[in-house]
Protein chains: 2
Amino acid sequence: MSRTRYHHGALAEALVDVAVGQVRAQGSERVTLRGVAQAVGVSPSAAYNHFADKDALLAAVALRGQAELDRRIGAALAAGGDDDAAAIGRLRAIARAYIGFAHDDPNLFRHAFGPHLKGAAGGHGASEAYAMLNAVLDDLDGRGLLRDGARPGLDLVVWSTVHGFAGIALDGLCAWEAADELLNGMERAMLTAAGLGLALR
Amino acid sequence: MSRTRYHHGALAEALVDVAVGQVRAQGSERVTLRGVAQAVGVSPSAAYNHFADKDALLAAVALRGQAELDRRIGAALAAGGDDDAAAIGRLRAIARAYIGFAHDDPNLFRHAFGPHLKGAAGGHGASEAYAMLNAVLDDLDGRGLLRDGARPGLDLVVWSTVHGFAGIALDGLCAWEAADELLNGMERAMLTAAGLGLALR
DNA sequence: AGCCCGATGTGAACGATGTCAAGATACGGG
DNA sequence: CCCGTATCTTGACATCGTTCACATCGGGCT
């Protein structure tokens, strides 16, 4: 088995790599199957040995986008201490990573949550990011930092809020700088007075 | 001035009408300039007398989508009494109308918040829906139903939450039925104990 | 009123795109 | 060593966005 099988070997992977780059740079609507193939150095129809459609290729790009979100959130949680303040900080870190992805990589973020997900992704339990958010919230609850009865359903509320803000800022409907205001408002709503004191310290 | 000026008169409006219908039915990505022109009964190039681009036409469709959102939220607020329970009900009604738009008209909703907004819309103050949300929240605050210090920034939090849930459900990442859970979670987070009692009654 | 000019629409054409069918080519197992 | 199969190329087709030259309507000026 030589390093490159036939002309390319892992053409599928190469196509997705380049497609991710072009989606990042130009937005998914301006990405062309022919353009991706040419950038890889291969004939346009070669792609049809690995993907049924242009849509199938774009679906793979969407999954890469989801993976990038998981990666960013995982990285944001890497550091941090063990006290209450650090627990609150982890929630902020998740939100900042999520919003930061949308801010730094708008085209890929938009595509990662576009109509191309339907074909491949599982339920919302499939996302690592969602599992990490639940762990952080459980931690806050265990520390008694959440208001009474606030925990059930809070994962969905927080996820929706952060995801929604990212989309709204992405559409230019509000300024990215409003993220601080959003996080403060979120924490004011979900934390006890003690937790709030820590968060605003 | 005859009823129809030249062959059509208000061709621009007719094109947008048909384009809105096709976006609704097929999703904005599958809408074709030629198809819209043919449905109106006009040559493809005729559209270029009224729109610079296909993108310009789609931008007009996006504005129609925003208007439809305003209309739905306005209609949801039409009825309702004057007591505290009705005030809380109006917040729920806004959220349900917003999510209902995404549920009933997924393609138009998605397009209304797509990249085509950048060209035409103003800041987030431009949306009537946003103004109505602020009025409802001010009313709740005036009635003392909001937790201490919760009002500043709450508009952005609520808007983000509802918008985010709509997007997440639209992507199939969670069930539409979770909307109830979301609304309960939101109210648990923002309302005082008294308000909560009313909301859950 | 009658002509003229601008607004509006038509038709044909060009380049680019997604997709497919048929043939060529290289890799890996017998 | 040879052959089947997976892989890639070539060429073609229909469709799409867009443009250009031209036709046609209709209101305003004298």
Side-chain angles (χ1 to χ4, degrees), chain A residues 1-62 107 111 114-116 118-120, chain B residues 1-62 107 111 114-116 118-120:
Chain A
M1 166 180 60
S2 55
R3 181 170 45 248
T4 67
R5 194 172 156 197
Y6 205 105
H7 276 179
H8 271 95
L11 215 208
E13 204 172 347
L15 286 171
V16 178
D17 285 344
V18 170
V20 166
Q22 297 203 353
V23 167
R24 272 186 149 113
Q26 321 168 6
S28 65
E29 316 218 348
R30 286 184 215 285
V31 169
T32 209
L33 215 227
R34 293 176 111 106
V36 172
Q38 184 177 9
V40 174
V42 99
S43 145
S45 42
Y48 287 85
N49 285 314
H50 305 273
F51 299 96
D53 266 300
K54 180 193 182 186
D55 281 341
L57 174 59
L58 287 179
V61 173
N107 292 328
H111 181 74
H116 292 278
K118 289 289 178 60
Chain B
M1 165 178 61
S2 55
R3 184 170 41 250
T4 65
R5 194 173 157 194
Y6 206 111
H7 278 179
H8 271 96
L11 216 206
E13 205 173 346
L15 286 171
V16 178
D17 284 344
V18 170
V20 167
Q22 297 204 354
V23 167
R24 272 186 150 113
Q26 321 167 6
S28 65
E29 315 217 348
R30 288 187 217 287
V31 169
T32 213
L33 214 228
R34 294 176 110 106
V36 172
Q38 184 177 9
V40 174
V42 99
S43 144
S45 43
Y48 287 84
N49 285 316
H50 304 272
F51 299 95
D53 265 306
K54 179 193 183 187
D55 281 341
L57 174 59
L58 287 179
V61 173
N107 293 328
H111 182 73
H116 292 278
K118 288 291 178 61

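Within every chain, numbering begins at 1; the chains are lettered A, B, ... in the order of the sequence lines, protein sequences first and strands thereafter.
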Rounded distance (Å) that lies between atom [atom2] of [N] and atom [atom1] of [X]:
{"X": "R30(B)", "N": "dG18(C)", "atom1": "CZ", "atom2": "C1'", "value": "13 Å"}
{"X": "N49(A)", "N": "dC20(C)", "atom1": "CG", "atom2": "P", "value": "12 Å"}
{"X": "F51(A)", "N": "dT7(D)", "atom1": "CZ", "atom2": "C1'", "value": "14 Å"}
{"X": "E29(A)", "N": "dT17(C)", "atom1": "CD", "atom2": "C1'", "value": "15 Å"}

Distance from [X] atom [atom1] to [Y] atom [atom2], nearest 0.5 Å?
{"X": "E13(A)", "Y": "L15(A)", "atom1": "CD", "atom2": "CG", "answer": "10.5 Å"}
{"X": "L11(B)", "Y": "N49(B)", "atom1": "CG", "atom2": "CG", "answer": "8.5 Å"}
{"X": "L58(B)", "Y": "E29(A)", "atom1": "CG", "atom2": "CD", "answer": "8.5 Å"}
{"X": "H116(A)", "Y": "K54(A)", "atom1": "NE2", "atom2": "NZ", "answer": "7.5 Å"}
{"X": "Q22(A)", "Y": "S28(A)", "atom1": "CD", "atom2": "OG", "answer": "12.0 Å"}

query = At what angle, to 10 degrees, do the two end axes of the helix from dA1(C)-dT30(D) to dG30(C)-dC1(D) meet, given five pairs define each axis?
reply =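 The angle, to the nearest 10 degrees, is 10°.
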
query = Which nucleotide in the set dC8(D), dC20(C), dG11(C) lies at the smallest distance from any side-chain heavy atom of S43(B)?
reply = dG11(C)

task = Ignoring backbone atoms, test whether H50(A) places a side-chain nitrogen or oxygen under 4.0 Å from the OP1 or OP2 oxygen of dA6(D).
result = no

ask   = When you look at CD of Q26(B), are more than 12 heavy atoms from neighbouring residues, nucleotides or ligands closer to it than 6.0 Å?
value = yes

Where protein sits on nucleotides 12-17 of chain D, one letter per nucleotide: B base, S sugar-phosphate only, - none, heavy atoms under 4.0 Å = B---BB

remark   = When every non-hydrogen atom of V61(A) is compared with those of V20(A), the smallest separation belongs to CG1-CG2, 3.9 Å

Which atom of A60(B) lies closest to which atom of F51(B), heavy atoms considered = CB-CE2, 4.1 Å

